[in-house]
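Sequence lines set the chain letters: A, B, ... in the order given, protein chains first and strands last, and positions in each chain run from 1.
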Protein chains: 2
Amino acid sequence: MELSKFLASLIPFKPDELQDIVSHFEKENIPKNTMLIEQGQVSKKLYFIENGMGRSYYLKEDGKEVTQWFFGVGKFMSSVDSFFQQIPSIYYLEILEDSTVYSISNENMDLLFYKYHKMEKLGRLVSIEMLTKVVNKLNAIQFQTARERYEYMLAEFPDISYRVPLGHIASYLGMTQETLSRIRK
Amino acid sequence: MELSKFLASLIPFKPDELQDIVSHFEKENIPKNTMLIEQGQVSKKLYFIENGMGRSYYLKEDGKEVTQWFFGVGKFMSSVDSFFQQIPSIYYLEILEDSTVYSISNENMDLLFYKYHKMEKLGRLVSIEMLTKVVNKLNAIQFQTARERYEYMLAEFPDISYRVPLGHIASYLGMTQETLSRIRK
DNA sequence: AACCGTTTTTGACATAAGTCAAAAGAAAAC
DNA sequence: GTTTTCTTTTGACTTATGTCAAAAACGGTT
């Protein structure tokens, strides 16, 4: 999904506004398995996924990867607190498939927020949407059996569920790979 | 914490702006055990807690209450998606102690967002803060033992942990009351 | 201070999911 | 097309937490 289409679908920007806003982003092609940011670094960019997909994950003390979120087409991908508060990231951001993304720097983002009231509103709407989704996941994780959690996954990320390694999904859902493998049958 | 102090701590509002904004809120005293909104209703108001505390919860199919969040002093309390999208609430909002709150209607909130760019920014900042906290809880719930989850609770809500019934905390943490009781020793 | 209702604790047992280890299957590299 | 590496499945056993039920502790009210 194109960035300008996405923006216009949320807020009625004028054509010249839209053009100005999009011009602050940079379109990039990113090959699979690219790390956009590593744990401990301060995130410099926010990404919008036109095509492809990625995930955020962190490492537990024992070194195991825990997938924290999947980012599909038409979503913003970032290490939220690192990007907006410019603090070291807890998460790795990884591109999982060859992807086309629009990236924007923190400075440019602030500039747009400052310049366009509507952009600030868009930021608020996107944040609240994300908040709602995280709350949904929380409810799934907290009070559902492993089987129901997998069903939540299929509902929330229908397109992604079949494209990533089992282990990524298992850790996303808070269960072991073995358990997920048993459930899928 | 006073509303105006809280607002000013996040964004440098001018005195007259601050006064205008606060005038759109209504200060109310609410006795404990009051239900601010019930499951299925559309949330008409957003609340800022000057003093006291509340929680949001929902009912599982088997009728058990599940605490979803606690709201303490200096926080906004709402059924986020119901208030902002004006859809039926999944949650109950309950005041747990005699409280003083500032409430604002959805229309007035929109009006403030529209009138003040800075207010929109505040909305974004508050949303992202909440998002970060929910993600924290998610990580605690997802990958920690019951004992560690209780420690997360003490860290996140130090003031609240000793003021609410055990059952509320247990369901908030995704465990049974019996388990929590055993842990606390 | 004795009573009643609510909340918390304790006990015995059940179970979903985790752990460890190895085999089978798929994908990538040569 | 064969080898190597990575991913998924299967099996046997362990464990943390849940369930159900009853007893104890607490808090408010008369």
Side-chain angles (χ1 to χ4, degrees), chain A residues 31-35 53-55 57 59-67 70 92 94-98 137-154 157 160-185, chain B residues 31-35 53-55 57 59-67 70 92 94-98 137-154 157 160-185:
Chain A
K32 68 186 285 190
N33 301 326
T34 303
M35 221 57 92
M53 61 162 303
R55 66 161 180 154
Y57 71 92
L59 296 179
K60 286 205 293 181
E61 316 80 57
D62 60 6
K64 280 188 189 150
E65 292 183 2
V66 173
T67 297
F70 292 106
Y92 293 81
E94 182 184 23
I95 290 291
L96 294 174
E97 294 181 350
D98 294 350
K137 177 183 171 184
L138 186 53
N139 289 336
I141 295 286
Q142 193 166 5
F143 289 103
Q144 303 192 338
T145 61
R147 168 163 276 109
E148 290 169 317
R149 273 180 268 165
Y150 183 57
E151 278 154 17
Y152 148 81
M153 172 79 198
L154 292 178
F157 299 105
I160 290 177
S161 305
Y162 298 101
R163 277 153 54 193
V164 301
L166 202 66
H168 289 174
I169 297 179
S171 74
Y172 174 81
L173 294 177
M175 65 182 76
T176 61
Q177 178 168 316
E178 292 93 326
T179 298
L180 180 54
S181 172
R182 287 180 175 117
I183 282 168
R184 277 219 298 207
K185 296 185 310 184
Chain B
K32 67 185 284 190
N33 299 326
T34 304
M35 220 58 91
M53 61 161 303
R55 66 161 179 153
Y57 71 93
L59 297 181
K60 286 205 292 182
E61 316 79 58
D62 60 5
K64 280 185 188 153
E65 290 182 4
V66 173
T67 298
F70 292 106
Y92 292 81
E94 181 184 23
I95 290 292
L96 294 173
E97 295 181 350
D98 294 349
K137 177 184 171 184
L138 186 53
N139 288 336
I141 294 286
Q142 194 166 6
F143 290 103
Q144 303 192 335
T145 62
R147 167 163 277 110
E148 289 169 319
R149 273 180 269 165
Y150 183 59
E151 278 155 17
Y152 147 83
M153 173 79 198
L154 293 177
F157 299 105
I160 289 177
S161 304
Y162 297 103
R163 275 152 56 194
V164 299
L166 202 65
H168 290 175
I169 297 177
S171 74
Y172 175 80
L173 294 176
M175 64 182 77
T176 60
Q177 178 167 316
E178 292 92 325
T179 299
L180 180 54
S181 171
R182 286 179 175 116
I183 282 168
R184 279 219 298 206
K185 295 183 311 182

Can you name the salt bridge (charged side-chain N to carboxylate O under 4.0 Å, His left out) partners of B:E151, sequence neighbours left out? none
Atom pair distance, as rounded to whole Å: CZ in A:F143 and P in D:dT17: 14 Å
Whole Å only: how far is the CZ atom of B:R147 from the P atom of D:dT15? 16 Å
Determine: side-chain N/O of B:T176 to OP1/OP2 of D:dG18, distance under 4.0 Å, yes or no. yes
In whole angstrom, give the distance that lies between atom CZ of A:R184 and atom P of D:dT7. 14 Å
Calculate the interatomic distance between A:Q177 atom CD and D:dT7 atom C1'; express it in whole Å. 7 Å
What nucleotide among D:dT8, C:dT9, C:dA17 has an atom nearest to a side-chain atom of A:P165? D:dT8
Flag yes if more than 12 heavy atoms outside B:R147 fall under 6.0 Å of its CZ atom; otherwise flag no. no
OP1 or OP2 of C:dG18 less than 4.0 angstrom from a side-chain nitrogen or oxygen of A:T179, does that happen here? yes
Atom CD of A:E148 to atom P of C:dA16: distance rounded to whole Å? 12 Å
Only residue of B:Y150, B:Y172, B:Y152, B:Y162 satisfying ring-ring contact (aromatic ring centres under 6.0 Å, His included) with B:F157 is B:Y172
A:K32 NZ - C:dA28 P separation (whole Å): 6 Å
D:dA16 P sits how many Å from B:L173 CG, rounded? 18 Å
What nucleotide among C:dA17, C:dT9, D:dT9 has an atom nearest to a side-chain atom of B:S181? C:dT9
Reading DNA chain D from 5' onward, which residue's closest nucleotide shows up sooner: A:L166 or A:R182? A:L166
By salt bridge (charged side-chain N to carboxylate O under 4.0 Å, His left out), which residues pair with A:R55, not counting sequence neighbours? A:E65, A:E94
Would you check if B:I95 and B:N33 make a side-chain contact, meaning some heavy-atom pair closer than 4.5 Å? no
Whole Å only: how far is the OH atom of A:Y150 from the C1' atom of D:dT8? 13 Å
5'-most contact on DNA chain C: A:E178 or A:Q144, nearest heavy atom basis? A:Q144
In terms of side-chain heavy atoms of A:R149, which of D:dG18, C:dA17, C:dT8 is nearest? C:dA17
D:dT8 phosphate, OP1 or OP2: any side-chain N/O from A:K185 under 4.0 angstrom? no
